[in-house]
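See below for the structure under consideration.
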Amino acid sequence: MAAPWAAVKFWKPGTEGPGINISEERQSAAEASGTSIIYNPHAAFSIEQQRQKLPVFKLRNHILYLVENYQTVVIIGETGCGKSTQIPQYLSEAGWTAEGKVVGVTQPRRVAAVSVAGRVAEERGAVLGHEVGYCIRFDDCTDSQATRIKFLTDGMLVREMMADPLLKKYSVLMLDEAHERTLYTDIAVGLLKKVQKKRGDLRLIVASATLDAEKFKDFFNQNETSDPNKDTCAILTIEGRTFPVDIFYTQSPVPDYVRYTVETVMKIHQTEKDGDILAFLTGQEEVETVVSGLIEQARIMSRSGMKRHLRVLPMYAGLPSSEQMKVFERVSHSVRKVIVATNIAETSITISGIVFVTDCGFVKLRAYNPKTAIESLVLVPVSQASANQRAGRSGRNRSGECYRLYTEEDFMKLPLSTVPEMQRTNLAPVILQLKALGIDNVLRFHFLSPPPAQSMVQALELLYALGGLDKNCRLTEPLGVRMAEFPLNPMFAKMLLESGNFGCSAEILSIAAMMQIQNIFVIPPNQKALAVREHRKFAVEEGDHLTMLNVYEAFIKHNKSSQWCQKHFLNYKGLVRATVVREQLKRLLSKFKVPKKSSEGDPDPILRCIVSGFFANAAKLHSTGVYRTVRDDHELHIHPMSVLYAEKPPQWVVFNEVVQTAKFYMRDVTAVESSWLLELAPHFYQQGTHLSRSTKRAKVDEL
DNA sequence: GAGCACTGC
């Protein structure tokens, strides 16, 4: 094999030919784009001067005019234009927060809601939580009297609508980052269209990307004539403040993007001037492979006299937060930082100083099969919108470069945008929420992108089986109404509400809380064996649910000690969060007068209670050694992370979810008795109602 | 026998 990086050849569209030297290309592109002024928000200007320098400022009066005259304004706000922080202030200054009214701004992520609120409070010289506040789960930093500009997560807005369906306190709502099309943004969009019909005074601002602007406009425009003067929705574009990014493609498809990522990063390091590198891959394993590959290459190079060093850092959600923080640390001028990341770096975190990006062209996305009701995680090519978002991570401080590890031809074949989450998820939680918000006919709900009808049917079927809906698909009283109040998947809500009847609400609360936290068990790549040995200490033969209960109870017993967590390779922050989640769930159980009881060490009531919520996710071990779902005979396997993976496989199990990678794997698995299924879910497995298929009955009756 | 995108209530 030749020098590993020598094989990588990129070319830039619109140039003479392929195989161009990267440095020359960059230089000519920089010349063509002209000089740009670097914007530094923390330079020595007054806050007012800084605000006026933002691109959005020039359009201040135009925005206010549109909001005054159109019920909905779609704003195409490019990165760095200042829309999220400025528009709410303009609205407030123009009187939209008079008479106790509030301007609300939603964000898809908690950190964004908090940080943007902080920035705006600072600009207004206000104490966060008074005039300017935020509201996210577990953290309501607003004052019901004083708050005029409120930042909140889109999920929180949907929750607020349960108490106040017409959102009466708001005069304007701005849905920020609506182009991301998260589940809750889409729910909010559908609901707000309904609210607007009853509240002509409510103004809506949808902040979106160019691509979806027309779709949002068509959705909200109530003008049924062909006269554009009667439009109720307008579109406005605000230019951003970013720097040009040169895009490079490979000449031919690469056979192995993991290896080519290493090669490309090393080539950039050798031939390019200063600037950090961000490499996009699809999962933890790929990230770790590339990290060790780069460290090895860098070692070889420094031995052969390379002066500038590489600092290689992994970044993915499962990484302990202390490790995650390292990507934000500054390094000395002689060191180049390389961050090897999953999709977390596409939208969720922003690292400054990135000049070069490599993009493998793939992503792991959630998918939902409406026929089997199985959610899975699948590796798919990214969309063009996603690829452009990745490229844009390089042009934030100065002009950047993006190396796509695929051909331009392949890029053109990619879908323009990612399928909205609404169309690739289990809808049971969504339908329950909509029902609780008084949407009787969910099949006729106005979705921005309607989900598959079969997904709706699956959701209705499950909710009926859980007892949350009656035969006419109406929310049951009190069970369905209560289930909808839980910020959880309906199966968890059912399990919690039943826990009083089984006399184990204390244990079920801990289990439900723990199941909401990802990556409780930390496995550092260099101490894998030791970590696994420590984790084994918590394992019980009943399965993952009781193992999690063990971990939680041990954490409490050791006074929530972070040192104790470290010693046992447990995610301290995750466990703390579990205690907070548990408190919230406990308050809901008290509200519904579910008796507080403990089974005092008896596992049986706990397992039966789990079955009362998760009976639909049951599987039986077949003689061939594989599991099959009871409801439709789908082949499943125990996930290697499950404690039952190493045990003698039990005959019957229930599970929380299925992930599809190489096989269909059940996650969070617990051994049960088949008689419990018949006893606790007779309606689902025996009676064969009009909603459930008769095949289900046959499967259990065989036993 | 062998594996864990990312949010959010």
### Message
Between B/dG1 and A/Y645, is there a base-stacking contact, meaning the centre of the base's six-membered ring lies under 5.5 Å from the residue's ring centre while the planes stay under 30° apart?
### Response
yes
### Message
Can you pull out the residues from residues 154-167 of chain A that lie within a 4.0 Å heavy-atom distance of DNA chain B?
### Response
A/G155, A/M156, A/R159
### Summary
To the nearest angstrom, the CG-P distance between A/L319 and B/dC4 comes to 17 Å
### Query
What is the distance from CZ of A/F362 to P of B/dA5, rounded to the nearest Å?
16 Å
### Task
For ring-ring contact (aromatic ring centres under 6.0 Å, His included), just list the numbers for A/F362 and A/Y257, CA-CA rounded to whole Å, side-chain angles, deciding distance to a tenth of an Å, and then say yes or no.
CA-CA 9 Å; A/F362 287 86; A/Y257 64 72; 5.5 Å; yes
### Query
Looking at residues at least two apart in the chain, or sitting in another chain, which of them share a salt bridge (charged side-chain N to carboxylate O under 4.0 Å, His left out) with A/R390?
A/E346, A/D359
### Query
Does a nitrogen or oxygen in the side chain of A/T342 sit under 4.0 Å from OP1 or OP2 of B/dC6?
yes
### Query
Under the side chain to side chain contact (heavy atoms under 4.5 Å, CB included) test, which residues partner A/T476, sequence neighbours left out?
A/D470, A/L479
### A/E346 CD - B/dA5 P separation (whole Å)
15 Å
### Query
If you find the nucleotide of DNA chain B closest to A/N343 and the one closest to A/N489, which residue's nucleotide is nearer the 5' end?
A/N343
### Task
Give one of base, sugar-phosphate or nothing for A/E285, where a contact means two heavy atoms less than 4.0 Å apart.
nothing
### Query
Hey, is A/R424 close enough to A/E421 for a salt bridge, meaning N to O under 4.0 Å?
no
### Message
By the 4.0 Å heavy-atom rule, please label A/L183 as base, sugar-phosphate, or nothing.
### Response
nothing
### Partner set under ring pair (Phe, Tyr, Trp, His ring centres under 6.0 Å) for A/Y572, not counting sequence neighbours
none
### Task
Could you please name the option among B/dG3, B/dC9, B/dT7 that lies closest to any side-chain atom of A/P487?
B/dC9
### Task
Would you mind classifying the nucleic acid contact of A/I344 as base, sugar-phosphate or nothing, using non-hydrogen atoms under 4.0 angstrom?
sugar-phosphate
### Closest nucleotide among B/dC9, B/dG3, B/dC6 to the A/A317 side chain
B/dC6
#### Entry: Proximal nucleotide (of B/dA5, B/dC9, B/dT7) relative to the A/Q284 side chain
B/dA5
### Summary
Taken to the nearest whole Å, CD/A/Q518 to P/B/dG8 is 10 Å
### Task
Whole angstrom is fine here: how far is it from CZ in A/R587 over to C1' in B/dC9?
13 Å
### Query
Of all the nucleotides listed (B/dC9, B/dC6, B/dC4), which has the minimum atom distance to the side chain of A/R137?
B/dC9
### Query
How many Å lie between CD on A/Q516 and P on B/dC9, as a whole number?
12 Å
### Message
Which residues pass the side-chain hydrogen bond (donor to acceptor under 3.5 Å, both in side chains) test with A/T185, not counting sequence neighbours?
### Response
A/D154, A/T182
### Task
Mind checking A/K663 for me? I need base, sugar-phosphate or nothing, with any heavy atom below 4.0 Å counting as a touch.
sugar-phosphate
### Message
Let's see if you can work this out: which of B/dG8, B/dA5, B/dA2 has an atom nearest to the side-chain heavy atoms of A/Y665?
### Response
B/dA2
### Query
Which residues pass the side chain to side chain contact (heavy atoms under 4.5 Å, CB included) test with A/R582, sequence neighbours left out?
A/A506, A/L509, A/S510, A/A513, A/Y552, A/K586
### Query
Any side-chain N or O of A/T182 under 4.0 Å from OP1/OP2 of B/dC6?
no
### Summary
Closest to the 5' end of DNA chain B, once A/Q433 and A/L377 are matched to their nearest nucleotides, is A/L377
### Message
Whether A/R667 engages the ring of A/F655 as a cation-pi pair (distance to the six-membered ring centre under 6.0 angstrom, angle to the ring normal within 45°) should be assessed.
### Response
no
#### Entry: Short side-chain N/O contact from A/R366 to OP1 or OP2 of B/dT7, under 4.0 Å
no
### Message
Between C1' on B/dT7 and CD on A/Q324, what's the gap in Å once rounded to a whole number?
### Response
14 Å
### Task
In whole angstrom, give the distance that lies between atom CZ of A/F138 and atom P of B/dT7.
16 Å
